[in-house]
Amino acid sequence: MIVTTKKLFEAAYGKYAIGAYNVNNLEQIMGLFRGNIDSQAPFIIQISKGARAYTDKIMLEGLIRSADQVFPKAIFAVHLDHGDEASCYDCIDSGFYSSVMIDASAEPFEKNVEITKRVVEAAHKKNIVVEAELGQLGGVEEHVKVDEANAKLTDPDQAKKFVELTGCDSLACAIGTSHGAFKFTGSQGLHFDVLSEIQKRLPGFPLVMHGSSSVPQEEVARINAAGGNLKGAKGVDADQFLQAAKLGVTKINIDTDGRLVWTRVHREYFRDHPENFDLRPIGKEFMAEYAKFIAAKNVKLGSAGQLEAVRKYLG
Ligand code: G3H
Ligand code: 13P
Ligand code: ZN
């Protein structure tokens with residue numbers, strides 16, 4: 001059942017976070033639904049502009065609609081990840097997405113407000129909810145001094161003003177994470193002080209944490225042992241998810257970790273089965289491993305076991 005992120009956030013706020021997982025293909029979609037059903041978790045399936053262009057946006061829509069039939073107990077939102085204005089309007093018009101993200105965070109504050117406001121107006125007319133972003137991820141790097149790094153984090157006063165001016169439904173905040181497999185190169189962790197200040201100014205308002213893959217060291221070691229080269233890869237401590245959830249983070253975005261599962265499974269499989277050229281055994285193995293990964297991640301997020309409570313909440 002496709003629902004809006006708004007409803008999922010209402011049910012989760014202050015208690016746990018909903019996993020928002022990026023998908024690109026059939027195997028990821030099957031593994032994702034299986035993992036969420038196995039762990040009894042509501043979830044957000046998110047689609048980037050790159051994912052929409054990978055095959056065809058209609059293909060992904062078709063696969064997700066089919067998964068909804070194959071897994072009739074699943075409760076999930078369909079979300080556009082890091083949209084620009086044009087892709088937001090396309091998703092709003094499609095009648096398929098229940099939520100879109102407008103990412104105008106690279107623009108100056110006023111321009112970000114202006115663009116976000118336009119998208120919110122269009123989305124709300126169709127009961128679609130909007131995630132916006134303020135602050136910039138990925139700037140917290142080793143060679144950047146802490147002061148400069150902090151300058152890129154979301155400013156709590158601006159966050160309050162931004163939400164009031166735009167009417168957005170949730171806000172992605174920069175609190176020290178970055179996208180990809182090489183985070184915290186300057187060894188900074190999550191800035192809970194900043195998060196707590198944002199929550200004080202926006203009590204009850206759902207916050208979003210991007211760049212939240214954990215980049216498990218065991219996974220990195222296995223990939224490297226099977227011919228990969230991901231030296232120095234590092235991620236977010238998943239044991240901090242619940243602390244973030246208590247401070248208002250209701251959506252936690254994970255893409256890179258799923259790509260690592262894919263890479264490890266494929267590298268090891270072809271190393272260990274050099275004679276194989278059949279795509280199905282490896283596809284099956286990936287789906288099973290991805291489902292296991294999702295179920296374990298949902299335990300860290302606190303969303304595992306919440307499915308029936310959410311169903312009740314939805315009425
Ligand atoms: O934040 C970006 C997501 O990881 C999506 O990545 O644009 O390569 O699909 P992508
Ligand atoms: P990761 O690269 O840490 O998985 O972040 C994904 C993300 O934020 C998608 O929007
Ligand atoms: Zn992101």
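The figures here come from the full heavy-atom set of this structure, side chains too, leaving out hydrogens, waters and symmetry mates. Counting starts at 1 for both ligands and their atoms, in listed order.
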* Asked: Tell me: protein heavy atom nearest atom 3 (O) of ligand 2, and distance?
  -> Lys183 NZ, 2.6 Å
* Asked: Looking at atom 9 (C) of ligand 2, what's its closest protein heavy atom, distance included?
  -> Asp81 OD2, 3.2 Å
* Just checking, is any N or O donor in the side chain of Tyr313 or Glu10 under 3.5 Å from an acceptor N or O on the other one? -> yes
* Asked: Going by the order shown, which atoms of ligand 1 are within less than 4.0 Å of some heavy atom of Ser48?
  -> 5 (C), 7 (O), 9 (O), 10 (P)
* To do: Just jot down the ligand 2 atoms closer than 4.0 angstrom to any heavy atom of His179, in number order.
  => 2 (O), 5 (O), 6 (C), 7 (C), 8 (O), 10 (O)
* Asked: Relative to the heavy atoms of Gly180, which atoms of ligand 2 are at a distance of less than 4.0 Å?
  -> 2 (O)
* Asked: Out of curiosity, is Arg259 lining ligand 1, as in a heavy atom under 4.0 Å away?
  -> yes
* Salt-bridged, Glu164 to Lys161, with N to O below 4.0 Å? -> no
* Would you mind checking if Asp90 and Lys57 are paired as a salt bridge, meaning a charged N to carboxylate O distance below 4.0 Å? => yes
* Distance-only side-chain donor-acceptor flag, Lys251 / Gln46, under 3.5 Å -> yes
* Is there a side-chain contact between Val163 and Cys168, using heavy atoms and a 4.5 Å cut-off? -> yes
* If we ignore angles and hydrogens, is there a donor and acceptor under 3.5 Å between the side chains of Asp81 and Asn22? -> yes
* Numbering the atoms of ligand 1 from 1, which are under 4.0 Å from a heavy atom of Asn22? -> 3 (C), 5 (C)
* To do: Pull out every atom of ligand 2 sitting under 4.0 Å from any heavy atom of Ile254, numbered as shown with elements.
  => 4 (O)
* Asked: Are Tyr16 and Asn298 close enough that a side-chain donor and a side-chain acceptor fall under 3.5 Å?
  -> no
* Between Phe286 and Tyr269, is the ring centre distance below 6.0 Å? -> no
* Got an N/O contact under 3.5 Å between Gly211 and ligand 2? -> yes
* Taking only heavy atoms of Asp255, which atoms of ligand 1 are found under 4.0 Å from at least one of them? -> 3 (C), 4 (O), 5 (C), 6 (O)
* Atom nearest to the Zn ion (ligand 3) - His82, N, O or S atoms considered -> NE2
* Determine whether any heavy atom of Gln46 lies closer than 4.0 Å to an atom of ligand 2. => yes
* Before accepting this row, confirm whether a basic side-chain N of the pair Arg264/Glu289 lies closer than 4.0 Å to the acidic partner's carboxylate O. => yes
* Angle subtended at the Zn ion (ligand 3) by His179 NE2 and His210 ND1, rounded to 10 degrees -> 120°
* Asked: Counting each atom of ligand 1 from 1 as listed, which ones have a heavy atom of His82 under 4.0 Å away?
  -> 1 (O), 2 (C)
* Are Ser196 and Asp193 linked by a side-chain donor-acceptor pair shorter than 3.5 Å? -> no
* Asked: Considering only heavy atoms, does Thr177 approach ligand 2 within less than 4.0 Å through its side chain, its backbone, both, or neither?
  -> neither
* **Side-chain H-bond candidate by donor/acceptor type, Glu131 with His210, under 3.5 Å** => yes
* Asked: Is there any N or O on Thr256 that sits under 3.5 Å from an N or O of ligand 2?
  -> yes
* To do: Mark up the atoms of ligand 2 that fall under 4.0 Å of a heavy atom belonging to His82, in ascending order.
  => 10 (O)
* Run the numbers for me: atoms of ligand 2, each under 4.0 Å from some heavy atom of Asn22, listed by number. => 9 (C)
* Ser212 and ligand 2 - part of the residue with a heavy-atom distance under 4.0 Å -> backbone
* **Per-atom contacts of ligand 2 with His210, taking only distances under 4.0 Å to non-hydrogen atoms** => 8 (O), 10 (O)
* Asked: When only distance counts, is His179 in polar contact with ligand 1, meaning an N/O pair under 3.5 Å?
  -> yes
* Asked: Quick one: does Asn127's side chain get under 4.5 Å of Thr4's, heavy atoms only?
  -> no
* Asked: What part of Asn253, side chain, backbone, both or neither, has a heavy atom within less than 4.0 angstrom of ligand 1?
  -> neither
* Asked: Do other residues, nucleotides or ligands put more than 12 heavy atoms under 6.0 Å from Met1 CE?
  -> yes
